[in-house]
Trainee: 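Below is one structure. I have some questions about it.
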Amino acid sequence: MAGFGEKLSLLKKVYILDLARPLLDIADRRIQAAGWTNVETVEADATAWTPPEGKADVVTFSYSLTMIPDWFKAIDHALHILKPGGLIGVVDFYIARKFPDGRQKRQSFATRSFWPAWFSCDNVFLSSDHYPYLDFRFQTERFTENKLTIPYFPLFWWKMPYYIYVGRKRSAGPNEERSR
Ligand SMILES: C[S@@+](CC[C@H](N)C(=O)[O-])C[C@H]1O[C@@H](n2cnc3c(N)ncnc32)[C@H](O)[C@@H]1O
């Protein structure tokens, strides 16, 4: 099976976007060390940046939607820059709605109340609306949820829910891109 580096080399171009230059500097050093000539970092706002090629095949958000205040704009913008049939991938922490749809697990009152308060101290804003909004905007291909241990959190047995989402841009239909 091909490793990560081999898979990456199959892609024509990869842009790594962030508002934080120091974080991108670390990425630049790793890109250089690995010799990935097709990967470029960009200091820009994910709610507005458009690739020079105009459209993208894939857009991913790695633990970033919870740090983007206008996360719905970031999702709408991803929809805008994706080619028809293109994929969006998201991994992030989350809390479920009190009464989630059948595809999500129910969470306790303690989970839904405590984690948002804890994470907000670090300007990470957990939302119960990411998945419903992604599901509304895209054709859901995959939604899985799990729990992980938070480093340095004293109650090590109390794990944090996160989700992995993959959706496809519809070429037409009721949720196709709104006019901009
Ligand atoms: C928890 S970090 C995750 C970083 C990286 N994606 C990863 O997986 O390691 C969240 C990042 O989102 C970035 N961010 C917040 N708002 C943003 C925006 N509007 N556009 C681009 N990046 C943003 C922050 O600068 C921060 O580095």
Side-chain angles (χ1 to χ4, degrees), residues 3-5 7-9 11 13-36 38-82 86-96 111-112 114-131 133-134 136-138 141-153 156 158-167 169 177-178 180:
F4 178 73
K7 284 183 185 165
L8 197 65
S9 68
L11 302 175
K13 188 79 193 181
V14 176
Y15 296 101
I16 299 176
L17 207 74
D18 205 290
L19 289 176
R21 189 67 248 171
L23 200 131
L24 295 174
D25 288 342
I26 295 170
D28 277 333
R29 286 199 287 277
R30 291 183 182 170
I31 292 163
Q32 216 173 2
W36 293 328
N38 57 340
V39 185
E40 193 181 313
T41 62
V42 183
E43 186 179 345
D45 185 345
T47 66
W49 184 79
T50 299
E53 293 80 2
K55 295 283 177 187
D57 296 302
V58 177
V59 176
T60 65
F61 293 92
S62 165
Y63 293 98
S64 49
L65 282 185
T66 44
M67 285 195 81
I68 301 178
D70 292 334
W71 56 266
F72 45 87
K73 259 194 198 173
I75 292 173
D76 275 12
H77 189 64
L79 183 65
H80 175 63
I81 64 174
L82 275 172
L87 291 172
I88 184 169
V90 184
V91 58
D92 218 325
F93 297 119
Y94 96 113
I95 41 147
T111 292
R112 287 183 286 107
F114 172 76
W115 287 118
W118 175 271
F119 272 83
S120 68
C121 299
D122 282 330
N123 295 323
V124 175
F125 298 101
L126 305 181
S127 173
S128 58
D129 292 329
H130 287 180
Y131 166 62
Y133 191 64
L134 284 161
F136 171 66
R137 284 310 222 170
F138 293 87
E141 302 259 315
R142 177 184 172 189
F143 174 79
T144 51
E145 54 186 313
N146 215 324
K147 288 182 176 181
L148 52 77
T149 307
I150 299 294
Y152 310 114
F153 183 67
F156 62 90
W158 199 9
K159 295 182 177 178
M160 177 65 214
Y162 71 94
Y163 69 92
I164 296 172
Y165 178 87
V166 178
K169 178 171 177 170
E177 192 175 358
R178 65 182 163 79
R180 295 169 63 91

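Throughout, numbering of the chain's residues begins at 1 and tracks the sequence. Just so you know, ligand 1 is whichever comes first in the structure, and atom 1 is the first atom listed for that ligand.
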Trainee: For atom 16 (N) of ligand 1, tell me which residue out of Ile68, Leu24, Val42 has the closest non-hydrogen atom.
Mentor: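 Result: the heavy atom closest to atom 16 (N) of ligand 1 is in Ile68.
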Trainee: Is it the case that the ring center of Phe119 lies less than 6.0 angstrom away from the ring center of Phe93?
Mentor: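 Distance test on ring centres: under 6.0 Å, yes.
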Trainee: Answer yes or no: is there a side-chain heavy-atom contact under 4.5 Å between Trp71 and Ser64?
Mentor: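 Side chain of Trp71 against side chain of Ser64, heavy atoms only: no contact under 4.5 Å found.
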Trainee: Around atom 20 (N) of ligand 1, find the nearest protein heavy atom and jot down its residue, atom name and distance.
Mentor: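 Of every protein heavy atom, Ala46 N, 2.8 Å lies nearest to atom 20 (N) of ligand 1.
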Trainee: Could you tell me if the side chain of Phe138 sits less than 4.5 Å from the side chain of Tyr165, heavy atoms only?
Mentor: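 Yes, at least one pair of side-chain atoms sits under 4.5 Å.
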Trainee: Are the side chains of Lys169 and Leu79 in touch, meaning some heavy atoms are under 4.5 Å apart?
Mentor: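 Yes, close enough: below the 4.5 Å cut-off.
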Trainee: Which bit of Ala44 is near ligand 1, meaning a heavy atom under 4.0 Å away: side chain, backbone, both or neither?
Mentor: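 Within the 4.0 Å criterion, Ala44 contacts ligand 1 through backbone atoms alone.
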Trainee: Which residue supplies the protein heavy atom nearest to atom 1 (C) of ligand 1, what is that atom called, and how far is it?
Mentor: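 The closest heavy atom on the protein side is Tyr63 O, 3.2 Å.
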Trainee: How far is atom 27 (O) of ligand 1 from its nearest protein heavy atom, and which residue and atom is that?
Mentor: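 Of every protein heavy atom, Asp18 OD2, 2.9 Å lies nearest to atom 27 (O) of ligand 1.
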Trainee: Out of all atoms in ligand 1, which are within 4.0 Å of some heavy atom of Asp45? Include the element for each.
Mentor: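 This gives 18 (C), 19 (N), 20 (N) as the contact atoms.
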Trainee: Run down the list Ala74, Ala20, Pro69, Ser64 and name the one with the heavy atom closest to atom 12 (O) of ligand 1.
Mentor: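 Answer by nearest heavy atom: Ser64.
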Trainee: Just so I know, are the side chains of Thr60 and Val90 near enough to count as touching, which here means a heavy-atom distance under 4.5 Å?
Mentor: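 Answer no - side chains too far apart.
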Trainee: Tell me, which protein residue and heavy-atom name are nearest atom 15 (C) of ligand 1, and how many Å apart are they?
Mentor: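 Scanning the protein heavy atoms, the shortest distance from atom 15 (C) of ligand 1 goes to Met67 O, 3.5 Å.
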Trainee: Is a donor on one side and an acceptor on the other found under 3.5 Å between the side chain of Lys147 and the backbone of Pro161?
Mentor: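 No, the answer is negative, given that no donor and acceptor are paired below the 3.5 Å cut-off.
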Trainee: State, with a plain yes or no, whether a side-chain heavy atom of Tyr162 is found less than 4.5 Å away from one of Tyr63.
Mentor: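 Result yes, sub-4.5 Å side-chain heavy-atom pair found.
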Trainee: Just to confirm my output: which protein heavy-atom neighbour is closest to atom 8 (O) of ligand 1, and how far is it?
Mentor: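 That would be Ser62 OG, 2.5 Å.
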Trainee: With heavy atoms only and a cut-off of under 4.0 Å, state how Leu23 meets ligand 1: side chain, backbone, both or neither.
Mentor: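 Near ligand 1, Leu23 shows its side chain, while the N, CA, C and O stay back.
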Trainee: With heavy-atom distances below 4.5 Å as the criterion, would you say the side chains of Ile95 and His130 are in contact?
Mentor: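 With C-beta onward as the side chain, the pair stays apart.
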Trainee: Judged on heavy-atom distance to atom 18 (C) of ligand 1, which of Thr47, Leu19, Asp122 sits nearest?
Mentor: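 It is Leu19 whose heavy atom sits nearest to atom 18 (C) of ligand 1.
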